There are 2 protein chains.
Amino acid sequence: MDRRPGQRAGLTRERVLAAAHELLGAGGVDGLTMRALARRLEVAPNALYSHVPGKTALLDAVIDEVLAQVEVPAMDVADPVTGLHALMCSTYDVLLGHPDLVPLYLARNGARGANARHLGDVMLALLDRAGLREARAREALSVLIVYTIGFAAFTTGPPIDVPDPEPRAEQMRENFDSGLRWLLAGITAPSMRA
Amino acid sequence: MDRRPGQRAGLTRERVLAAAHELLGAGGVDGLTMRALARRLEVAPNALYSHVPGKTALLDAVIDEVLAQVEVPAMDVADPVTGLHALMCSTYDVLLGHPDLVPLYLARNGARGANARHLGDVMLALLDRAGLREARAREALSVLIVYTIGFAAFTTGPPIDVPDPEPRAEQMRENFDSGLRWLLAGITAPSMRA
DNA sequence: ACCTGAACACCGTTCAAGT
DNA sequence: ACCTGAACACCGTTCAAGT
């Protein structure tokens with residue numbers, strides 16, 4: 001802040017988001033504060049408000065940025081259930097890469113950004129190809145999203161009450177996979193395709 | 001705080017927790033701060049630290065208090081799967097009564113208090129009676145807990161990206177129920193009982 | 001439009017006292 | 001043991017300036 005009022009700092013929305021992302025990786029979600037972000041960018045705290053509406057909007061943007069890493073399966077190949085399985089697994093893995101973000105993600109009830117919407121659309125298309133009508137597809141959509149993010153949240157936290165602390169990550173991933181297969185089996189059961 | 005140093009205010013851990021619970025019901029989790037709690041109890045902020053180790057511990061205690069409202073099915077009647085279904089539904093309903101608590105619950109990865117442990121034990125017993133071996137039972141336990149809390153978190157938040165805002169609560173509850181049945185079906189499938 | 005300075009109204013927590 | 005006073009090191013956000 002060795003700048004007089006009126007001097008530019010060369011801030012951009014992109015630079016702000018990038019710094020936020022770094023801060024998140026370093027100190028978790030607790031370390032991501034407006035003031036810490038300003039410090040890192042060598043800028044007065046209120047300077048951020050020229051590029052971001054507020055902290056809530058900033059967090060939303062960061063979440064959506066992370067969601068861009070999810071691998072979307074090709075729509076034209078394989079069967080839709082396999083595609084759904086792959087998509088949810090990729091989402092799970094991406095979320096595990098940002099543990100502190102997950103509770104936040106869940107708290108604001110899923111990202112509302114462009115990437116999140118796109119993932120939702122892909123899922124709906126796959127469910128449609130799996131033979132589900134629109135209402136049933138939305139039902140299944142909610143269940144799958146909730147299950148995946150919820151599981152990621154639990155995986156990234158401290159152990160629940162299981163007395164074996166060792167192979168947590170792999171164990172949890174297996175559990176996630178088991179439950180996911182059960183859900184997909186239920187979703188695509190004959191009674192659902194009616 | 002019209003009290004000199006050394007005068008007692010008649011604070012108790014119970015009174016503190018009760019006030020915290022009220023504050024939570026009134027203003028949500030954002031309204032539940034140490035200082036607001038002290039204000040409500042007409043006490044200096046630091047007086048709370050004589051009855052509670054800190055904010056984290058206070059939140060844990062509040063969460064476990066809420067969990068006491070969950071209806072535990074009788075262990076000796078009905079079939080275990082029905083019992084599990086009822087238990088998860090009751091948990092879901094109780095969590096819906098405290099929307100702002102849910103993300104917190106999820107963030108600290110489930111309550112670690114006495115009530116939470118008891119619920120876990122009941123679930124394990126039911127899973128055992130359903131024919132699952134210990135390892136499989138733990139697997140199923142994680143899946144069911146995650147699913148229930150995760151769904152509660154999503155239900156209590158703003159709508160996800162569905163364009164129909166009306167019958168949210170009932171719709172979500174139906175979705176929860178559908179997914180829960182799928183999971184229970186998967187959990188108790190013949191391949192799991194081996 | 002973009003940035004600074006200063007301020008407002010908060011936080012959680014600690015430390016040294018008082019009885 | 002229980003409580004106050006005062007302080008520390010923070011928050012997010014706003015408002016009035018400066019160029």
Side-chain angles (χ1 to χ4, degrees), chain A residues 1-24 26-63 100-101 103-105 107-108 112, chain B residues 1-24 26-63 100-101 103-105 107-108 158:
Chain A
M1 279 151 290
D2 10 298
R3 248 183 320 269
R4 310 279 162 269
Q7 300 203 26
R8 307 285 161 113
L11 237 48
T12 323
R13 186 182 154 87
E14 284 74 39
R15 284 196 55 203
V16 171
L17 288 182
H21 204 270
E22 291 170 28
L23 221 51
L24 189 77
V29 82
D30 289 336
L32 179 47
T33 69
M34 289 288 135
R35 295 186 106 103
L37 189 55
R39 230 173 285 136
R40 173 174 264 263
L41 292 164
E42 293 181 318
V43 143
N46 43 3
L48 301 173
Y49 290 82
S50 297
H51 303 91
V52 166
K55 194 184 185 182
T56 307
L58 180 128
L59 288 176
D60 283 338
V62 169
I63 289 175
D100 292 303
L101 205 62
L104 223 103
Y105 189 7
R108 51 186 83 254
R112 325 271 299 134
Chain B
M1 280 148 286
D2 9 296
R3 247 183 323 270
R4 310 278 163 267
Q7 300 203 25
R8 308 285 160 112
L11 237 49
T12 322
R13 185 182 153 87
E14 285 74 39
R15 285 197 55 203
V16 171
L17 288 181
H21 203 270
E22 291 170 27
L23 222 52
L24 189 77
V29 81
D30 289 336
L32 179 47
T33 68
M34 288 289 135
R35 295 186 106 102
L37 189 54
R39 230 173 285 137
R40 173 175 263 262
L41 290 165
E42 294 181 316
V43 143
N46 43 3
L48 301 172
Y49 290 82
S50 297
H51 302 92
V52 167
K55 193 183 186 182
T56 306
L58 180 128
L59 288 176
D60 283 339
V62 169
I63 289 175
D100 292 303
L101 206 61
L104 223 102
Y105 191 6
R108 48 186 84 259

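So you know, we letter chains A, B, ... as the sequences are listed, proteins then strands, and number each from 1. Model, not experiment: these values are computed from the prediction.
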Approximate separation, where rounding is to 0.5 Å, of B:Leu59 CG and B:Leu24 CG: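 B:Leu59 atom CG to B:Leu24 atom CG measures 8.5 Å (nearest 0.5 Å).
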
Say you draw a straight line from CG of A:Leu32 to CZ of A:Arg40; how long is it, rounded to the nearest 0.5 Å?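 Separation between the atoms: 10.5 Å.
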
So which of residues 7-17 of chain B are in contact with DNA chain C, with a heavy-atom cut-off of under 4.0 Å?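 Hits under 4.0 Å, by residue number: none.
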
Could you walk me through whether B:Leu48 and B:Leu58 pass the side-chain contact (heavy atoms from CB on, under 4.5 Å) check? CA-CA 10 Å; B:Leu48 301 172; B:Leu58 180 128; over 6 Å; no

For residues [X] and [Y], report the shortest heavy-atom separation together with the two atoms involved.
{"X": "B:Ala61", "Y": "B:Arg13", "result": "CB-NH2, 3.8 Å"}
{"X": "A:Val43", "Y": "A:Ala47", "result": "CG1-CB, 3.0 Å"}
{"X": "B:Arg8", "Y": "B:Arg3", "result": "O-CD, 3.4 Å"}
{"X": "B:Lys55", "Y": "B:Met34", "result": "CA-CE, 3.1 Å"}
{"X": "A:Leu37", "Y": "A:Ala20", "result": "CD1-N, 3.5 Å"}
{"X": "A:Pro45", "Y": "A:Ala38", "result": "CA-CB, 3.5 Å"}

Rounding to an integer number of angstrom, what distance separates D:dC15 and C:dC3 when you compare their C1' atoms?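 After rounding to an integer number of Å, I get 14 Å for this pair.
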
Would you measure the distance from the P atom in D:dC10 across to the matching atom in C:dA9 and give it in whole Å?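 22 Å, rounded to whole Å.
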
For DNA chain D, determine which residues of residues 28-35 of chain A have any heavy atom closer than 4.0 angstrom to one of its atoms, and list them numerically.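 Under 4.0 Å from DNA chain D: A:Thr33, A:Met34, A:Arg35.
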
Between [N] and [X], is there an OP1 or OP2 to side-chain N/O distance shorter than 4.0 Å?
{"X": "A:His51", "N": "C:dC3", "answer": "yes"}
{"X": "B:Arg3", "N": "D:dT4", "answer": "yes"}
{"X": "A:Arg39", "N": "D:dC11", "answer": "yes"}

Examine distances only and state if a side-chain atom of A:Thr12 and a backbone atom of A:Arg15 form a donor-acceptor pair shorter than 3.5 Å.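 No.
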
Under 3.5 Å donor-acceptor, A:His51 side chain and A:Leu11 backbone: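 Confirmed, A:His51 side chain pairs with A:Leu11 backbone.
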
Report the distance from atom [atom1] of [X] to atom [atom2] of [N], rounded to the nearest whole Å.
{"X": "B:Leu59", "N": "C:dG12", "atom1": "CG", "atom2": "C1'", "value": "12 Å"}
{"X": "B:Glu42", "N": "D:dC3", "atom1": "CD", "atom2": "C1'", "value": "15 Å"}
{"X": "A:Leu37", "N": "C:dC3", "atom1": "CG", "atom2": "C1'", "value": "15 Å"}
{"X": "B:Leu48", "N": "C:dT14", "atom1": "CG", "atom2": "C1'", "value": "14 Å"}

Return one dot-bracket line describing DNA chain C 5' to 3' (Watson-Crick or G-U wobble pairs, both distances under 3.5 Å; ( ) same strand, [ ] crossing, | another strand, . none). ||.|||||...|||||.||

Minimum-distance nucleotide to A:Tyr49 side chain [options: D:dT14, C:dT4, D:dC2]: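 The answer is D:dT14, which lies nearest to the side chain.
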
